[in-house]
J.: 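Let me give you the structure first, and then I'll get to my questions.
Each chain gets a letter, A, B and so on, in the order the sequences are listed, and its residues count up from 1.
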Amino acid sequence: MLQVPYIRENKELIIERLKVRNIDATETINKIIEADKNRRETQQKLDEVLASSNAKAKEIGMLFKEGKGAEANALKQETSQLKEESKSLQEAFNTYAEELKQLLYLVPNVPHESVPEGKSDEDNVEIFAEGEFPKLHEGALPHWELTSKYDLIDFELGVKITGAGFPVYTGKGARIQRALVNFFLDNSTAMGYREVQPPLLINEASGFGTGQLPDKEGQMYHATTDDLYLIPTAEVPVTNIYRNTIVKTEDLPIKNTAYSQCFRREAGSYGSDVRGLNRLHQFDKVEVVQITHPSESMNALDEMVEYVKTLLQKLELPYRIVRLCGGDLGFTSVLTYDFEVYSAAQDKWLEVSSISNFETFQANRLKCRYKDENGKPQLVHTLNGSALAFPRILAALLENNQTPEGIKIPKELAKYTGFDIIK
RNA sequence: GGAGAGUUGGCUGAGUGGCUUAAAGCGGCACCCUGCUAAGGUGUUUUACUCGUAAGGGUAACGAGAGUUCGAAUCUCUCACUCUCCGCCA
């Protein structure tokens, strides 16, 4: 969420920039400024009343000590009015503070100046592309047929055990999954990320910290008996490591990586793009998360983009990078780059990574700070990126590398699978 | 799941109604002293909000919330969490 002093001082700029998201925040921003003003004025009054009430209480204590019980009791009378006053001021203050908080939850992050205008993913801007499109042989198949032809994934079995979107990986399919875990983690740790294995269930406070709650509640699986949520991404537990902390400035940037399974209800998704591995309720992903000094976050974003490029190069997959337009940009993000791989048999671009800079938006909720050169606590910047999401990578690997003899495994990955062709 | 004990500042740990934002020790930082891989001395050491150009001031916070009281770390209630033992178990 945005910081109130920032809103106060940059009202026009914020409203202008939020138009890139196709929203008019004028009314909400005005309400925020009003609620903030009321809150501060009420606090001043409240503080005054409490101060005089404190002073009186001290005086009463002194009088009792000196044995002047009568005077003390007289003074007690006076305090009752102050008490009433402070009570109603406290209530008013709480109301304004709550109102302010609720309003702040409504405002998304302010897009970076480089974010293009646009309504949907069709308006995202391609900024980079690399890799050759494969030439498929006659009779090439989409991955959901390849997986059954070579006994790699059993979608039907998943439906039996759980439901649609929970595939069962078998044999070499399961082995590739395991290979991808190690391949991705080895690469990210080599880039200086610390490996973390986080919980897959999170509490409500963690959901708030990274911005999944209160809004996107319906997208997470909720274990109601214990009021815990299954993580939609490792970003949530890994970033929440730093909730309510003041990190050492010399430790920045803090770089963590985690492999986890991710759970998404995908409520409201439909259509042909949910076929096979294209959209699942449970999937695997390696995530990279950075906590940086504010002056370094854009460099860190570039570094993450460069890093993900190397992964796709090693996997020999044709890919492109798009800059998300305002309409497609996530609520908490300032700037996001998506990586899409080309999956040949479907003739489709599949999103396999999303790399975002949240600047102070998450940090403000998380209360994650560092100390500046004056020793004053300041909010850090947080970033994260997928490196990478497995299912669509697998889909593209299978589709692009199919030959009449079998499916070939790229050299770098074959080091991890232990085989270089699936027959 | 059953029984019991706890939750205080970066850490250890005192504090059972006012002079306690909090003793003491450790750690950290600054300065001083000292002719040397050390020791000693003095001071300092939380955060949020808020007023102020600043210096500085006000308010709040001792797990969370509510209550009693002129006044709560301290008393009452509710909740959360941690630990120990027993049971169960990967």
J.: Could you write out each protein N or O paired with an N or O of nucleotides 48-53 of chain B at a distance under 3.5 Å?
T.:
{"from": "B:A48", "atom 1": "OP1", "to": "A:Arg369", "atom 2": "NH1", "distance (Å)": "2.9"}
{"from": "B:C49", "atom 1": "O3'", "to": "A:Arg39", "atom 2": "NH2", "distance (Å)": "2.6"}
{"from": "B:C49", "atom 1": "O2'", "to": "A:Gln43", "atom 2": "OE1", "distance (Å)": "2.4"}
{"from": "B:C49", "atom 1": "O2'", "to": "A:Gln43", "atom 2": "NE2", "distance (Å)": "3.3"}
{"from": "B:C49", "atom 1": "O2", "to": "A:Gln43", "atom 2": "NE2", "distance (Å)": "2.8"}
{"from": "B:U50", "atom 1": "OP1", "to": "A:Arg39", "atom 2": "NH2", "distance (Å)": "2.8"}
{"from": "B:U50", "atom 1": "O4'", "to": "A:Gln43", "atom 2": "OE1", "distance (Å)": "3.4"}
{"from": "B:U50", "atom 1": "O4'", "to": "A:Gln43", "atom 2": "NE2", "distance (Å)": "3.4"}
{"from": "B:C51", "atom 1": "OP1", "to": "A:Arg40", "atom 2": "NE", "distance (Å)": "3.3"}
{"from": "B:C51", "atom 1": "OP1", "to": "A:Arg40", "atom 2": "NH2", "distance (Å)": "3.3"}

J.: Could you tell me how far B:A22 sits from B:A60 if I compare only their C1' atoms? Round to whole Å.
T.: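 One C1' to the other, the span is 15 Å.
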J.: Could you tell me whether A:Glu27 and A:Lys31 have a side-chain N and a carboxylate O separated by less than 4.0 Å?
T.: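 Salt bridge between A:Glu27 and A:Lys31, a charged N being under 4.0 Å from a carboxylate O: yes.
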J.: May I have the list of side-chain donor-acceptor pairs in residues 412-423 of chain A shorter than 3.5 Å, sequence neighbours left out?
T.:
{"from": "A:Glu412", "atom 1": "OE1", "to": "A:Lys415", "atom 2": "NZ", "distance (Å)": "3.2"}
{"from": "A:Glu412", "atom 1": "OE2", "to": "A:Lys415", "atom 2": "NZ", "distance (Å)": "3.3"}
{"from": "A:Tyr416", "atom 1": "OH", "to": "A:Asp186", "atom 2": "OD2", "distance (Å)": "2.8"}
{"from": "A:Thr417", "atom 1": "OG1", "to": "A:Ala414", "atom 2": "O", "distance (Å)": "3.4"}
{"from": "A:Thr417", "atom 1": "OG1", "to": "A:Phe419", "atom 2": "N", "distance (Å)": "3.2"}
{"from": "A:Thr417", "atom 1": "OG1", "to": "A:Phe419", "atom 2": "O", "distance (Å)": "2.6"}

J.: Given the P atoms of B:A14 and B:A24, what is the spacing between them in whole Å?
T.: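 My reading of the P atoms in B:A14 and B:A24 gives 15 Å.
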J.: What is the distance, to the nearest angstrom, from the CG atom on A:Leu50 to the C1' atom on B:A61?
T.: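 For the pair A:Leu50 CG and B:A61 C1', the rounded distance is 13 Å.
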J.: Checking salt bridge (Lys or Arg N to Asp or Glu O under 4.0 Å) for the pair A:Glu306/A:Lys309: CA distance, chi angles, key distance, verdict?
T.: CA-CA 5 Å; A:Glu306 289 306 313; A:Lys309 278 186 189 176; 3.1 Å; yes
J.: Just by distance, with hydrogens left out, do A:Glu359 and A:His381 show a side-chain donor and acceptor under 3.5 Å apart?
T.: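 No donor-acceptor contact under 3.5 Å links the two side chains.
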J.: Side chains of A:Leu213 and A:Met220: closer than 4.5 Å at any heavy-atom pair?
T.: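 Yes. Closest side-chain heavy atoms under 4.5 Å.
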J.: Could you measure between the two P atoms, the one in B:U76 and the one in B:C86, and give it in whole Å?
T.: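 Between the two P atoms, the distance is 31 Å.
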J.: Please report the distance, rounded to the nearest Å, between CD in A:Glu250 and P in B:G28.
T.: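 From A:Glu250 CD to B:G28 P: 14 Å.
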J.: For B:G40, give the paired nucleotide (Watson-Crick: N1-N3 plus N6-O4 or O6-N4; G-U: N1-O2 and O6-N3; both under 3.5 Å), or none.
T.: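 Answer to the pairing question: B:C32, which forms a Watson-Crick or G-U pair with B:G40.
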J.: Please pick, from B:U46, B:U59, B:U69, the nucleotide with the shortest atom-to-atom distance to any side-chain atom of A:Lys83.
T.: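 Of all the options, the side chain of A:Lys83 is nearest to B:U69.
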J.: Applying a 3.5 Å limit to both distances, which nucleotide forms a Watson-Crick or G-U wobble pair with B:U53?
T.: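 Check on B:U53: unpaired, no WC or wobble geometry under 3.5 Å.
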J.: When rounded to the nearest Å, what value does the distance between P atoms of B:G9 and B:G65 take?
T.: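 15 Å, rounded to whole Å.
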J.: My understanding is that only residues two or more places apart in sequence, or in another chain, count here; which of them pass ring-ring contact (aromatic ring centres under 6.0 Å, His included) with A:Tyr242?
T.: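 Not a single residue meets the ring-ring contact (aromatic ring centres under 6.0 Å, His included) criterion with A:Tyr242.
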J.: Mind listing the closest non-hydrogen atom pair of A:Cys325 and A:Asn124 along with its distance?
T.: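 Looks like N-OD1, 2.8 Å.
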J.: Using Watson-Crick or G-U wobble geometry with both distances below 3.5 Å, tell me the partner of B:A73, or none.
T.: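 Partner of B:A73: none found under 3.5 Å.
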J.: Using Watson-Crick or G-U wobble geometry with both distances under 3.5 Å, which nucleotide pairs with B:A90?
T.: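 The base-pairing partner of B:A90, which may sit in any strand shown, does not exist here.
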J.: For nucleotides B:U59 and B:G2, find the distance between their P atoms and express it as a whole number of Å.
T.: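 One P to the other, the span is 46 Å.
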J.: Please report, rounded to the nearest Å, how far the P atom of B:G71 is from the NZ atom of A:Lys87.
T.: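 Rounded to whole Å, this separation is 10 Å.
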J.: Rounded to whole angstrom units, what separation is found between the CE atom of A:Met62 and the P atom of B:G18?
T.: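 Answer to the nearest Å: 14 Å.
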J.: Mind running a 4.0 Å heavy-atom check of residues 95-107 of chain A against RNA chain B and sending the residues that fall below it, in number order?
T.: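 Residues of residues 95-107 of chain A under 4.0 Å from RNA chain B: none.
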J.: Between A:Lys371 and B:U47, is there a side-chain N or O to OP1/OP2 distance below 4.0 Å?
T.: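 For B:U47, OP1/OP2 do have a side-chain N/O of A:Lys371 under 4.0 Å.
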J.: Salt bridge check: are A:Glu287 and A:Lys285 linked by an N-O gap of less than 4.0 Å?
T.: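 Yes.
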J.: Using the P atom on both, measure B:G56 against B:U69 and round to a whole Å.
T.: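 Straight-line distance between the two P atoms is 40 Å.
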J.: Does a donor on one side chain and an acceptor on the other come within less than 3.5 Å for A:Gln362 and A:Thr332?
T.: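 Side chains of A:Gln362 and A:Thr332: no pair found under 3.5 Å.
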J.: Starting at CD of A:Glu204 and ending at P of B:C79, how long is that distance when rounded to a whole Å?
T.: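 Answer to the nearest Å: 18 Å.
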J.: Answer yes if the ring centres of A:Phe184 and A:Phe390 are under 6.0 angstrom apart, and no otherwise.
T.: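 Aromatic pair counts; centres sit under 6.0 Å.
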J.: Determine the Euclidean distance between corresponding P atoms of B:U47 and B:U42; express it in Å to zero decimal places.
T.: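 Roughly 26 Å separates the two P atoms.
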J.: Carefully, step by step, assess A:Lys149 and A:Glu145 under the rule salt bridge (Lys or Arg N to Asp or Glu O under 4.0 Å).
T.: CA-CA 6 Å; A:Lys149 179 176 175 186; A:Glu145 290 183 29; over 6 Å; no
J.: Tell me: CG of A:Leu82 to P of B:U59, nearest whole Å?
T.: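 In whole Å, B:U59 P lies 13 Å from A:Leu82 CG.
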J.: Go through the structure and list residues passing ring-ring contact (aromatic ring centres under 6.0 Å, His included) with A:Tyr370, not counting sequence neighbours.
T.: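 Listed in chain order: A:His293.
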J.: What is the base-pairing partner of B:U46, counting Watson-Crick and G-U wobble geometry with both distances under 3.5 Å?
T.: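 For B:U46, the partner nucleotide comes out as B:A61, under the 3.5 Å rule.
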J.: Starting from P on B:G10, measure out to CG on A:Asn244 and report it in whole angstrom.
T.: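 Taking CG of A:Asn244 and P of B:G10, I get 12 Å after rounding.
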J.: To the nearest angstrom, how far is A:Gln90 atom CD from B:U59 atom C1'?
T.: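 So the two atoms are 10 Å apart, to the nearest Å.
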J.: For B:G27 and B:G15, measure between their P atoms and round to the nearest Å.
T.: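 Result for the P pair: 24 Å, nearest Å.
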J.: Verify the neighbour count for atom CD of A:Glu98: are there more than 12 heavy atoms of other residues, nucleotides or ligands below 6.0 Å?
T.: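 Enclosed.
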J.: Find out whether A:Leu104 and A:Ile7 are in side-chain contact, i.e. whether some heavy atom of one side chain is under 4.5 Å from a heavy atom of the other.
T.: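 Yes, close enough: below the 4.5 Å cut-off.
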J.: Does any nucleotide pair with B:A22 by Watson-Crick or G-U wobble geometry, both distances under 3.5 Å, and what is it?
T.: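 Pair assignment: B:A22 / none.
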J.: Between A:Asn94 and A:Thr79, just flag the one whose closest nucleotide in RNA chain B comes earlier from the 5' side.
T.: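 Taking each residue's closest nucleotide, the earlier one in sequence belongs to A:Asn94.
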J.: Which residues within residues 52-61 of chain A lie with some heavy atom under 4.0 Å of an atom in RNA chain B?
T.: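 Only A:Asn54, A:Ala57, A:Ile60, A:Gly61 qualify.
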J.: Tell which nucleotide pairs with B:C81, taking only Watson-Crick or G-U wobble pairs whose two distances are both under 3.5 angstrom.
T.: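 Partner of B:C81: B:G6.
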